[in-house]
J.: 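Structure in structure tokens, see below.
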Amino acid sequence: MQELGEGLGVPEGEGGVRRPRVQKNVTRTIASDICADIFPVGAFLPTENELGTRYGVSRTVIRESLKILESKGLVRGRSRVGTVVCAKDEWNILDQQVLEWIGPRIFELDLLTCVLDARRAIEPFAAEFAAARATVQEVAEIERAWERMRDAEGDLEAFTQADVAFHAGLLKASHNQVFMQLASIIQAALEFSLHASNEAADARDEALEIHKRLVEALRMRDKAAARECSHRMLDLAARDLAIAVRKHPATAER
């Protein structure tokens, strides 16, 4: 088996210690194997020596990788017993790396629908609060995010990044301390969700129009209109996400 460090231009450092890129690759590979049920929930991982042989790295690299995975809730070490794969509801699914490790299985695990449910519970209130509390500068920043969405044209990545900035800005502009904290906590999950719905949309004109209306509602301090725009925005996201789910091979077979 080829070592994960081979072909990457990442030689060992002094004392045989692997450089960070190899560490990251090993962590990602073990995590991906867990997410793919190669190491299923409740099962014990092979020993550190066996994992080192499997992935072609030292025990030190394996040990550090397991620490990272444990910090994100994927595994739990048990003294004198071994390392067990945790139940999926213990995984830190809002973590950017965990979402990347889950990869295409994000559809199978229904995580994007869960994110949408959370947004439905939060964003309309945030929009209403923002209409009453946002500063002129905060409204201007949200509008700039909308302008970036408009100018992205066919660039899905640029459109999604601007869309994320729009919604994160809205949460912060609510001046609700919990919502403001959530803006950074859910950013990774929000990005995955928006990317999926934006990719599925045949056109983005409707989304652009409703985002523009929300900016106008904030500027006019119209709380009812801001909340209504948020509800409409989430309805569009739900429609496009449903299309994305139907198109995905793992869910289309159900």
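All figures in this text were calculated on a predicted structure; none of them were measured in a lab.
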J.: Let me confirm one number: the CG-CG distance from Asp163 to Leu156, rounded to the nearest 0.5 Å.
T.: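 Rounded to the nearest 0.5 Å, the CG-CG separation comes out at 10.0 Å.
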
J.: Between Glu123 and His167, is the side-chain contact (heavy atoms from CB on, under 4.5 Å) condition met? List the steps.
T.: CA-CA 8 Å; Glu123 285 192 17; His167 291 276; 3.1 Å; yes

J.: Return the minimal non-hydrogen interatomic distance between Lys172 and Met180, and the atom names on each side.
T.: O-CG, 3.6 Å

J.: Under the salt bridge (Lys or Arg N to Asp or Glu O under 4.0 Å) test, which residues partner Asp95, sequence neighbours left out?
T.: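 In terms of salt bridge (Lys or Arg N to Asp or Glu O under 4.0 Å), with neighbours along the sequence ignored, Asp95 is linked to Lys72.
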
J.: Same cluster for Val75 and Leu109 if Ile/Leu/Val/Met/Phe/Trp/Tyr side chains link at under 4.5 Å?
T.: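 Shared cluster, yes.
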
J.: Taking C-beta and beyond as the side chain, do Ile186 and Val115 meet within less than 4.5 Å on heavy atoms?
T.: no

J.: Is it true that Ile102 and Val245 fall in one hydrophobic cluster, defined by side-chain heavy atoms closer than 4.5 Å?
T.: yes

J.: Could I get the full list of salt bridge (Lys or Arg N to Asp or Glu O under 4.0 Å) partners for Glu216, not counting sequence neighbours?
T.: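 For Glu216, the residues satisfying salt bridge (Lys or Arg N to Asp or Glu O under 4.0 Å) (neighbours in sequence not counted) are Arg219.
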
J.: Taking ring-ring contact (aromatic ring centres under 6.0 Å, His included) as the test, write out the residues that go with Phe159, two or more places apart.
T.: none

J.: When you look at Lys223 and Arg133, which way does the side-chain contact (heavy atoms from CB on, under 4.5 Å) test go after all the steps?
T.: CA-CA 10 Å; Lys223 296 189 292 185; Arg133 304 170 182 173; over 6 Å; no

J.: Do Ile106 and Trp101 belong to the same hydrophobic cluster, where Ile, Leu, Val, Met, Phe, Trp and Tyr are linked whenever their side-chain heavy atoms lie under 4.5 Å apart, directly or via other members?
T.: yes

J.: Using salt bridge (Lys or Arg N to Asp or Glu O under 4.0 Å), reason through Glu209 and Arg213 one step at a time and then give a plain yes or no.
T.: CA-CA 6 Å; Glu209 178 61 27; Arg213 288 184 193 174; 3.4 Å; yes

J.: Enter the distance from Leu51:CG to Phe39:CZ here, rounded to the nearest 0.5 Å.
T.: 5.5 Å

J.: Going from CD on Glu199 to CG on Leu194, what distance comes out if it is rounded to the nearest 0.5 angstrom?
T.: 12.5 Å

J.: What pairs of donor and acceptor atoms, side-chain ones from residues 225-233 against any protein atom, are under 3.5 angstrom apart with sequence neighbours left out?
T.:
{"from": "Arg227", "atom 1": "NH1", "to": "Glu128", "atom 2": "OE1", "distance (Å)": "3.0"}
{"from": "Arg232", "atom 1": "NH2", "to": "Glu206", "atom 2": "OE2", "distance (Å)": "3.3"}

J.: Taking all heavy atoms of Leu94 and all of Ala189, pick out the closest pair and write down the distance.
T.: CD2-CB, 3.7 Å

J.: Decide salt bridge (Lys or Arg N to Asp or Glu O under 4.0 Å) for Asp240 and Arg204; before the verdict, give the C-alpha distance in whole Å, the side-chain angles of both, and the deciding distance to 0.1 Å.
T.: CA-CA 10 Å; Asp240 294 337; Arg204 303 190 184 103; over 6 Å; no

J.: Check whether any side-chain heavy atom of Leu214 lies under 4.5 Å from a side-chain heavy atom of Leu170, and answer yes or no.
T.: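 A side-chain contact under 4.5 Å exists here.
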
J.: Between Thr29 (side chain) and Asn25 (backbone), is there a donor-acceptor pair under 3.5 Å?
T.: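 Yes.
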
J.: Look up atom CG in Leu69 and atom CG in Leu74, then write down how far apart they are to the nearest 0.5 Å.
T.: 6.0 Å

J.: To the nearest 0.5 Å, how far apart are OG in Ser71 and CG in Leu66?
T.: 11.0 Å

J.: Can Phe44 be reached from Ile34 by stepping across I, L, V, M, F, W or Y side chains whose heavy atoms are under 4.5 Å apart?
T.: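 No, no single cluster joins them.
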
J.: Quick check: closest heavy atoms across Ser65 and Thr27, and the distance to 0.1 Å?
T.: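 Ser65 and Thr27 have their closest heavy atoms at OG-OG1, 2.9 Å.
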
J.: Do you know the tightest heavy-atom contact between Val41 and Cys86?
T.: CG2-O, 3.5 Å

J.: Evaluate Glu90 against Arg76 for salt bridge (Lys or Arg N to Asp or Glu O under 4.0 Å), listing each step before the verdict.
T.: CA-CA 10 Å; Glu90 296 181 50; Arg76 184 184 302 109; 2.3 Å; yes

J.: Same cluster or not: are Val164 and Leu182 linked, directly or through other Ile, Leu, Val, Met, Phe, Trp or Tyr residues, by side-chain heavy atoms under 4.5 angstrom apart?
T.: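 Different clusters: Val164 never reaches Leu182 through Ile, Leu, Val, Met, Phe, Trp or Tyr contacts under 4.5 Å.
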
J.: Suppose we screen for salt bridge (Lys or Arg N to Asp or Glu O under 4.0 Å). Which residues come up paired with Asp235, at least two apart in sequence or across chains?
T.: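 Checked Asp235 against salt bridge (Lys or Arg N to Asp or Glu O under 4.0 Å); matches are Arg120.
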
J.: Tell me every residue that passes salt bridge (Lys or Arg N to Asp or Glu O under 4.0 Å) with Arg63, counting only those two or more places apart in sequence or in another chain.
T.: Glu48

J.: Hey, does the side chain of Trp146 reach the backbone of Phe166 with a donor-acceptor pair shorter than 3.5 angstrom?
T.: no

J.: Given 3.5 Å as the limit, does a donor-acceptor pair link the side chain of Thr53 with the main chain of Asn49, or not?
T.: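 At least one qualifying donor-acceptor pair exists.
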
J.: Answer yes or no: does atom CD of Gln181 have more than 12 heavy-atom neighbours from other residues, nucleotides or ligands under 6.0 Å?
T.: no

J.: Could you walk me through whether Ile62 and Ile30 pass the side-chain contact (heavy atoms from CB on, under 4.5 Å) test, one step at a time?
T.: CA-CA 9 Å; Ile62 294 297; Ile30 298 174; 4.2 Å; yes

J.: Mind checking whether Leu218 and Glu143 have side chains closer than 4.5 Å, heavy atoms only?
T.: no

J.: Would you name the heavy atoms of Ala237 and Arg119 that are closest together and state the gap between them?
T.: CB-NH1, 4.1 Å

J.: Evaluate whether atom CD of Glu157 has more than 12 neighbouring non-hydrogen atoms of other residues, nucleotides or ligands under 6.0 angstrom away.
T.: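 For Glu157, atom CD is crowded (more than 12 foreign heavy atoms under 6.0 Å).
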
J.: Mind listing the closest non-hydrogen atom pair of Arg148 and Ala165 along with its distance?
T.: NH1-CB, 3.8 Å

J.: How far does CG of Leu99 sit from CG of Leu112, to the nearest 0.5 angstrom?
T.: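 Here the rounded value is 8.5 Å.
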
J.: Evaluate salt bridge (Lys or Arg N to Asp or Glu O under 4.0 Å) for Arg144 paired with Glu147, printing each intermediate quantity in order.
T.: CA-CA 5 Å; Arg144 279 195 291 273; Glu147 290 171 348; over 6 Å; no

